[in-house]
Amino acid sequence: MNWLTNFVRPKIQRLVAPKEVPDNLWHKCPSCGHMIFHRDLEKALNVCQHCGHHMRLTVKKRLGMLFDDGQYQRIELAKFADDPLKFKDQKRYSDRLKDTRTKTGEHDAIVVAHGRMGGMNVVMACFNFDFQGGSMGIAVGEGIVAAAELAVLQDAPLIVVPASGGARMQEGILSLMQMARTTVAVDKVKEKRLPYIVLLTDPTTGGVSASFAMLGDIAIAEPGAVIGFAGARVIESTIREKLPEGFQKAEYLLEHGMIDMVVPRRDLRATMVKILSLLRNRAPSGELVSLPIDAPDPVDMD
Ligand SMILES: [Zn+2]
């Protein structure tokens, strides 16, 4: 009987069992709870079609969405010695890095690329939230510096897209130093009178919001993005007061003059191209058109 229970029965069960539906075909909107088919979600650029909630985008999709025809070139970034402090909590930081690199296929939490937007040369530095919460360590700081230098070299605008929980605590003081480094780097872009635009995405917090992310000539944010320094819960328990509704959300920051505009994802590219062309093309772009002007009636000189 053994072969019947051990061999035949599982085979039959496998034949009659309902086929498993891969659970990544449907996504649940974290805001309204609706189930959305993955293809619909992809078509809508990860925005819920029921409530308009903007879910996070991968770096690849973000870059593909913003550059002309989704075409861009990535910049190879300098590599540094990992784990300068030999940091260890429950796990060694060097092991954590190794795991995240295998999982994401990226070296660190930033991608620098150049390409065109509306036909204009643009350099973009985009955070990868999937890589240790987009935290800023030496490598990320280096990415911002490299992007700024490339923008100056190419005489091109710099666009930075943060999505970060802040400084990378495993790199201690070295991570905090990146705040000063990145600030100096974007200042160099400004000195050359090149546009520096920041697209704040969910979340932009901690040391990132306290440095280059809030220094854009124009600060654009995605709807509902959390933007702030310390988390709302930390502030609430420190000041022992209830925080206002929508605190640290993009719309709240717009109302209070911290950012310039909140733009839905589907309009982002067009809006950014318009801003860039307004800032870059100072000569009138219109062709000369001969207008049929009604000739004024000849004045009777008599
Ligand atoms: Zn929704």
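One-based numbering, in listed order, for ligands and for the atoms of each.
- The Zn ion (ligand 1) has no N, O or S atom of H53 under 2.8 Å away, backbone or side chain.
- The backbone N or O of A139 lies less than 3.5 Å from no partner atom in the side chain of D108, so there is not a single donor-acceptor pair.
- For the pair D89 and R96, the salt-bridge criterion is met [side-chain N within less than 4.0 Å of a carboxylate O].
- Under the 4.5 Å side-chain criterion, counting only non-hydrogen atoms from C-beta, I197 is in contact with I275.
- At a threshold of 2.8 Å, the Zn ion (ligand 1) has a backbone or side-chain N, O or S atom of C48 nearer than that distance.
- Taking 2.8 Å as the threshold, C32 counts as a candidate ligand of the Zn ion (ligand 1), since one of its N, O or S atoms lies below it.
- When atom types are taken as modelled, the side chain of S175 and the backbone of R168 share a donor-acceptor pair closer than 3.5 angstrom.
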